[in-house]
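When a residue number appears, it is its place in the shown sequence, counting from 1. Treat the numbers as computed from the prediction; the structure is a model and nothing was measured.
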Amino acid sequence: MKKQLSIIALAAAGLLSSCSKFLDRQPLSQIAPDQYFNNDNEAKFYLNSLYSAFPNAEGVYNEDIDNIVKTSLSDQITGRRTVPLNGGNWTWTELRKINFFLDNYNRVMTEAQAARFAGIAKFFRAYFYFDKVQRFGDVPWYSHAIEKEDNAMLTKARDPRKLVVDSIIKDLEYAIANVDEATFPVSTEMVSKYTAMALLSRVCLFEGTWKKYRNEAGWEDLLRKSAAISEQLIDSKKYKIYKTTPNKAYLELFASIAPVKDEIILARTFSNELSVWHNINYYTITSSYGKPGLEKQLVNSYLMADGSRFTDIPRYDTITFYNETQNRDPRLSQTIRTPGYARIGTTNALPPDFGASVTGYQLIKFVTDMSFDSFNRSINSMPIFRYAEVLLNFAEAKAELGTLTQADLDKSIFELRDRVGMPKLDMAAANADVDNYMAAQYPGVTGANKGVILEIRRERRIELVMESHRWNDLMRWKSGQSVVRPFKGMYFPGVGQYDLDRNGKIDVHIYTGAKPTPAVAGVQYFKLGTEMELENDYGNVLINRTTTKTFREDRDYLQPIPIQERQLNPKLTQNPQWVDGL
């Protein structure tokens, strides 16, 4: 992996001597800018290097906040984050590459010819800065590549968050206007005007709700912009929800080797021929990566197939696995192993494997056939921008604004539910009968649209699970306390033998004392209290029982600025309540 350099490390030769040599070179292997960017191919070649900014496959599927639970917890959840000496995501190499292009790309090309390339570069600048705003809040905005002699720019203070977000929006609006389809045919692997529209929808929803739930001015305009650009993309009919195979479409969408162009706006792709792989199958079927499993609260949040609430069933919290998985939103059985599950390409039904899933709710989203089960040999594509998210953004923005209608829901949330045969979301019914189970998760939601906002959040969590949106959603909703509750798995009445899928064979045997002998092949044995913990010697499986979870409301919504950066630039203020000794 390339060493990531900070703003000052990129240019302050007098402060860090190792950087002087780096800065004396042109970014393009000794090719000066006045000798490059002379035609389409040279510009495209340079811009292709910017795609490394997108998350790798693990950056998509390796979610571990409160949707997915593992044997160990991230520092975000335990409260063990500290102010780093350096690094800490305060890295600016990619920005210099982008700004270098924007400073030099139009030396020869006509304005019309060059504008489309500038649009791609400005998309990546917006993407870069949106990540920084989500992490740090205020950050210095740089619209040009910094030279090593420019001390004023190297030592500038952080710019206000609003200035940075306004600049992000301006860059994306430029990209939408100038990245034309004729020259850049729409591809799921390349940035298009539709990718810029999807990112603008995401940015404005994030910042609008961030402001709303902190009582900051300006949230309405941002949510209106999110709703408007989302609706523009919806009405373009360029994308649609993939519904080809009844009862399997959701699972197939994520197991597809090639991105499903109906729904995927932009994806990372992988290939045996190019020796570019990822690790999703191995991640879900072995114990090597923390035994990821869906968490009980999320399992409870899936509706019944008729649209009624699972949590309205009397004593829902004591229902065992087989019964709790019957007649549910079909996305549940396309996200985890449920009774009757068989791997793609086989008919052999497999029960959940606690050896690969700490909660027992074993993940199958993104899992492909067994030919890809070896370490780091999966090649199915990973979505970076998906049309489903745009639909969710549209509905949420309008609900938060108070302008949502039933017609809006019918062209957004219903499309997601219709994929799996679920009934539409009824706005009036949701607001008239607020779900108390959801309300307890998000106490900050109030007002006339409380019920439907909660239902849209339910929909978002279920539809986008394992796509790494959850942390940023909780941060913008000011719902950090969601991560400090106990994490749970399946319910067991106590010691005994359990046929999880009701096929006549015992799958799990929980015991006390000595392990039963002789061991039966195919049975998973767990000693109560050591190999498996239940709440009271019966009840839900408990994960990380002795690990303290902490989220400080006065501090943890933003990351700290690294110590070394503040030493090099005294004008950099620290984020609230992060103590670094300076």
Out of I384, L266, I176, which one pairs with T195 under the side-chain contact (heavy atoms from CB on, under 4.5 Å) rule? L266
We want to know whether N569 and E565 form a side-chain donor-acceptor pair, criterion being a heavy-atom distance below 3.5 angstrom. no
Got a salt bridge between E63 and R470, using NZ or NE/NH1/NH2 to carboxylate O under 4.0 Å? no
Within a 6.0 Å radius of atom CD on E553, are there more than 12 heavy atoms belonging to other residues, nucleotides or ligands? yes
Do the charged groups of R485 and E295 touch, with an N to O distance under 4.0 Å? yes
Answer yes when R224 and E400 have at least one side-chain N-carboxylate O distance shorter than 4.0 Å, and no when they do not. no
With side-chain hydrogen bond (donor to acceptor under 3.5 Å, both in side chains) as the test, would you mind laying out the steps for H144 and N99 before giving the verdict? CA-CA 5 Å; H144 297 280; N99 281 338; over 6 Å; no
Ring centres under 6.0 Å, that's the criterion: do F54 and Y127 meet it? yes
Salt-bridge present (E415, K240; N to O < 4.0 Å): no
Are the ring centres of F37 and F101 closer than 6.0 Å? yes
Salt bridge or not between D435 and R458? Use side-chain N to carboxylate O under 4.0 Å. yes
Over all atoms of both residues, closest heavy-atom pair of F136 and N575: O-ND2, 3.2 Å
Students often mix this up, so state it plainly: with edges at 30° and 60°, are the rings of F206 and F130 parallel, tilted or perpendicular? perpendicular
Salt-bridge present (R135, D131; N to O < 4.0 Å): yes
Which value, rounded to the nearest 0.5 Å, describes the distance between N48 atom CG and F45 atom CZ? 8.0 Å
Ion pair K211/D221, N-O distance below 4.0 Å: no
If the threshold is 4.0 Å, N to carboxylate O, is there a salt bridge linking D138 and K162? no
Compute both the distance and the angle, then confirm whether R96 meets the cation-pi test with W92: under 6.0 Å from the six-membered ring centre, within 45 degrees of the axis. no
I'd like to know whether D64 forms a side-chain hydrogen bond (donor to acceptor under 3.5 Å, both in side chains) with S74, so could you lay out the CA-CA distance, the side-chain angles of the two residues, the decisive distance to 0.1 Å, and finally the verdict. CA-CA 7 Å; D64 63 351; S74 70; 4.7 Å; no
Any salt bridge between R476 and E396, counting N to O under 4.0 Å? yes
So that I can tick it off, tell me whether K243 and D262 are bridged by a salt bridge, with the cut-off set at under 4.0 angstrom between side-chain N and carboxylate O. no
Can R461 and D66 be said to form a salt bridge (Lys or Arg N to Asp or Glu O under 4.0 Å), step by step? CA-CA 11 Å; R461 191 178 183 189; D66 68 335; 3.5 Å; yes
Test salt bridge (Lys or Arg N to Asp or Glu O under 4.0 Å) on R81 and D75 and set out the steps. CA-CA 5 Å; R81 286 186 291 175; D75 289 348; over 6 Å; no
Please say whether the positively charged group of K478, taken as NZ for Lys or CZ for Arg, lies over the ring of Y213, i.e. under 6.0 angstrom from the six-membered ring centre and within 45 degrees of the axis. no
Are E207 and R161 close enough for a salt bridge, meaning some N to O gap below 4.0 Å? yes
E173/K225 ion pair, N-O < 4.0 Å: yes
Between E231 and K411 (salt bridge meaning N to carboxylate O under 4.0 Å), is one present in this structure? yes
Would the number of heavy atoms belonging to other residues, nucleotides or ligands and lying under 6.0 Å from NZ of K248 be above 12? no
Taking side chain to side chain contact (heavy atoms under 4.5 Å, CB included) as the test, write out the residues that go with Q334, two or more places apart. Y250, L251, P330, V420
Do NZ/NE/NH1/NH2 and the carboxylate oxygens of E189 and R268 come within less than 4.0 Å? no
What's the shortest heavy-atom distance between S479 and Y557, and which atoms? N-OH, 3.5 Å
Does K122 qualify as a cation-pi partner of Y174, given the criterion of NZ or CZ under 6.0 Å from the six-membered ring centre and within 45 degrees of its axis? yes
Between E459 and R417, does at least one N-O distance fall below 4.0 Å, as a salt bridge requires? yes
